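Structure first, then comments.
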Protein chains: 2
Amino acid sequence: MSKETITGLAKRLGISKASVSYALNGQPGVSELTRRRVLDLAEELDWYPSSSARALSRSRAGAVGMVLSADPLLIGTEPHYMAMLAGIETALAEGDMALMLRMVDKGPVQEQSTYERWAGERKVDGVLIFDHLHDDPRPTLLDRLGLPFVLHSAPASAAPASYSGTTTDHAVDAATIVDHLHDRGHRRIAHVSGPHRFVHEEERIRGVRERAARHGLEVVQVETDYALTSGHDAVVTLLRAPEAPVTAMVFGNDLMAMGGLLALRELGLRCPDDVAMVSWDDSLHCRLASPAVTALSRNPGMQGRVAAELLLALLDTGTIQTKPMPHGELVLRSSTATG
Amino acid sequence: MSKETITGLAKRLGISKASVSYALNGQPGVSELTRRRVLDLAEELDWYPSSSARALSRSRAGAVGMVLSADPLLIGTEPHYMAMLAGIETALAEGDMALMLRMVDKGPVQEQSTYERWAGERKVDGVLIFDHLHDDPRPTLLDRLGLPFVLHSAPASAAPASYSGTTTDHAVDAATIVDHLHDRGHRRIAHVSGPHRFVHEEERIRGVRERAARHGLEVVQVETDYALTSGHDAVVTLLRAPEAPVTAMVFGNDLMAMGGLLALRELGLRCPDDVAMVSWDDSLHCRLASPAVTALSRNPGMQGRVAAELLLALLDTGTIQTKPMPHGELVLRSSTATG
DNA sequence: CTGAAAGCGCTTACAG
DNA sequence: CTGAAAGCGCTTACAG
């Protein structure tokens, strides 16, 4: 099977390459009859136009890129990422775009040089970025590189007007969580967050603090790094503190909540009787833990899908838009049940 | 920043495009001095050769593809996949190959048409396939399409001589698991496997049966589909059976083991006192469950890396090879502890 | 060691 | 509606 080309098809049909191309791409310029003959022959021969030739002449790669920049260990255990990826890929496939995936573990530098390379090689038409940082260098960099992008899950407060993105209102989510704990009778709670360099963490912290103040709740803030062991250690530290102990803890993700649960068990304390727990991300881990952990469900798959659709729209028509995501729903489980 | 091209670089340096190309690609045909000047200028201009132009002239896409064909829900909760992906991507990046990822949920048909399209468009240079099936249509299809591939984690018994792949000796793993249960005093066990259409499941089943026979153990085989609820339901059915109940259960993956644990709890039975449990895949779920579940650890990240390296070698030099993976290691946890 | 030229397989104005 | 031709930006024999 020597490789067919558009020239071959044109010859077989006794027409020009141009006509074949027009027919293939649904462009005007060919009769319906010719178009049918072209499409039928392509189908019969199992022929597809070469993506690289197309990319070169169209100056469009036909792919978008995504860099997963995190500890591989964390990525592997965080169901969140995979669900998001699945949503993204599904939307891209529908828009006939391929997904180029890159995982880096050496942090922002490696992520940024990946964008530089992708832009230079014109390997992707756009990228999807997430985990918005304070003074995030990526929007500036991507603008300079001329690489279109969508910022996934930017905090509502930092909603960028100059570029596309999905936004999340963490204040509302914080209120949902704090209200629930207040309802359950807690008056002194801890908030074990991820790194403050993430804008969403700062917004969550502010949200928790403000809502707690309104209820007259005390909040102890602890900053860690999303790892299971960090959640564990944070709990140990919190419970050893000389001040009055907290009776409830909010964790920035499911892994830290799991670590927290392990710590409680080690200390001989019970959840929720001694300490109640809430996770800011829902996952199978929360469902399966014992006790099962109350968590904010945010549908990462759907969110990924929306972000990908924004990127497709941006590439297609240059439309810049901001889409607010639905608020999280708190899934109540045993970890915050009232004894 | 109007886009630089190789012609631009050549002009700036007062040399021909050919020389620039040779210099860039480490080919002979340019003096060291010229090569340095070219590389320095490229660096200074932040210039990279266009991947599509390169792909077209080299007839090489510079990317390999991978289709994740599974229920998105399962993919999202199975840490196994993400770990494997991370290993694969790391190896590919080192070999300067991009990873094109596609997720399909409508099963084998969609997976196969993805390969047809990729091959037709010459979008990828090769693919990585896994979950070997009985009468697997993929090797034949890929051969016909002329798309190089590596079969990841083929059963040792079905080790293909005609194509590259990593292999796993499930008989050894089965022996490890069965021996452990025998040591713990179990004489009647259940094996809740994934679908028999997967060759690795059949090999595991045979391995378990043979090893059990040697010890004089009885084995009840149950076929399900890897879903958490299936593990749950299998356990309910098993424990309702009129025959003598099993005292230990082996699950084909971690999710089914988790489902099994839930079922036990519902039935008011305890693990390991009433029923011991082992999972054929290790994961954070097994570690965090209560009781924590004894599981076979197989290092999916490392295995993915090796598979990717085989593919790189195949694409580079056409080398066909089969690499046996290390046996799994049983991580002992409470679910099989002796009371 | 270097340069001019053809070729990779498409798309797209431009003339007919 | 159709065809001849240029162009996308590289690589690679082939002559010098």
Side-chain angles (χ1 to χ4, degrees), chain A residues 1-39 41-42 45-63 96 117-123 125 146, chain B residues 1-39 41-42 45-63 96 117-123 125 146:
Chain A
M1 40 183 286
S2 68
K3 200 58 214 167
E4 261 320 328
T5 70
I6 199 172
T7 310
L9 291 223
K11 273 204 191 111
R12 283 170 191 260
L13 293 169
I15 59 179
S16 76
K17 284 163 43 180
S19 302
V20 176
S21 177
Y22 293 144
L24 245 32
N25 297 305
Q27 305 271 9
V30 279
S31 64
E32 262 322 301
L33 175 66
T34 309
R35 189 186 303 279
R36 265 267 54 86
R37 289 178 60 218
V38 170
L39 294 179
L41 182 59
L45 297 177
D46 247 332
W47 177 85
Y48 296 85
S50 147
S51 64
S52 53
R54 226 175 203 180
L56 181 58
S57 59
R58 286 183 176 168
S59 304
R60 234 170 172 266
D96 214 25
R117 179 122 184 236
W118 277 348
E121 297 181 331
R122 276 132 298 167
K123 186 114 188 162
D125 298 316
Chain B
M1 43 183 281
S2 69
K3 198 59 215 168
E4 261 318 328
T5 67
I6 198 172
T7 310
L9 291 225
K11 272 201 192 113
R12 283 171 190 257
L13 293 169
I15 60 179
S16 75
K17 282 163 47 182
S19 302
V20 176
S21 176
Y22 292 144
L24 244 32
N25 296 303
Q27 305 271 7
V30 279
S31 63
E32 262 322 301
L33 175 64
T34 308
R35 188 185 304 278
R36 265 266 56 86
R37 289 179 59 217
V38 170
L39 295 179
L41 182 59
L45 297 176
D46 246 331
W47 176 85
Y48 296 85
S50 147
S51 65
S52 52
R54 228 180 201 176
L56 182 58
S57 59
R58 284 184 177 168
S59 304
R60 233 168 173 269
D96 214 24
R117 181 125 183 236
W118 276 350
E121 295 182 332
R122 275 132 299 167
K123 187 115 188 160
D125 298 316

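All values derive from a computational prediction rather than experimental measurement. In what follows, chains carry the letters A, B, and so on, assigned in the order in which the sequence lines appear, proteins first and then strands, with residues in each chain numbered from 1.
For Ile15(A) and dG3(D), the CD1 to P distance is 7 Å, given to the nearest whole Å. Nucleotide dT12(D) holds its P atom 12 Å from the CG atom of Leu24(B), rounded to whole Å. With rounding to whole Å, Leu9(B) atom CG is found 17 Å from dG3(C) atom C1'. For Asn25(A) and dG9(C), the CG to C1' distance is 13 Å, given to the nearest whole Å.
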message: Counting Watson-Crick and G-U wobble pairs with both distances under 3.5 Å, what is the dot-bracket string for DNA chain C, 5' to 3', using [ ] for crossing pairs and | for pairs to another strand?
response: |||.||||||||.|||

message: What verdict does the side-chain contact (heavy atoms from CB on, under 4.5 Å) test give for Leu9(A) and Leu24(A), after you've listed the backbone C-alpha separation in whole Å, the side-chain angles of each residue and the deciding distance to 0.1 Å?
response: CA-CA 11 Å; Leu9(A) 291 223; Leu24(A) 245 32; 5.6 Å; no

- request: Applying side-chain contact (heavy atoms from CB on, under 4.5 Å), run through Val38(B) and Ser19(B) and close with a yes or a no.
  value: CA-CA 9 Å; Val38(B) 170; Ser19(B) 302; 6.0 Å; no

Enumerate donor-acceptor pairs with a distance under 3.5 Å from any side-chain N or O in residues 53-62 of chain A to protein atoms, sequence neighbours excluded.
residue	atom	partner	partner atom	Å
Arg54(A)	NH2	Asn25(A)	OD1	2.5
Ser57(A)	OG	Ala53(A)	O	3.1
Ser57(A)	OG	Arg54(A)	O	3.4
Arg58(A)	NH2	Asn25(A)	OD1	3.0
Arg60(A)	NH2	Leu315(A)	O	3.0

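Closest approach of Leu13(B) to Arg37(B), counting heavy atoms only: O-NH2, 3.4 Å. Across every non-hydrogen atom of Glu121(A) and Tyr48(B), the tightest pair is CG-CB, 3.6 Å. Annotation for Arg122(A) and Glu4(B): closest pair NH1-O, 4.5 Å, computed over non-hydrogen atoms.
Contact check, Thr5(A) against dG9(C): no side-chain N or O comes under 4.0 Å of OP1 or OP2. Residue Gln27(A) places at least one side-chain N or O closer than 4.0 Å to OP1 or OP2 of dT12(C).
The closest donor-acceptor contact from the side chain of Arg36(B) to the backbone of Ser31(B) lies at 3.5 Å or more, if one exists at all.
Ser50(A) is linked by a side chain to side chain donor-acceptor pair (under 3.5 Å) to Ser52(A), counting only residues two or more places apart in sequence or in another chain.
Scanning residues 30-38 of chain A for heavy-atom distances under 4.0 Å to DNA chain D yields Val30(A), Ser31(A), Thr34(A). Of all the residues in residues 47-61 of chain A, Leu56(A), Ser57(A) reach under 4.0 Å from DNA chain D with at least one non-hydrogen atom.
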What are the atom names and distances for every N/O pair under 3.5 Å that joins the protein to nucleotides 4-6 of chain C?
none

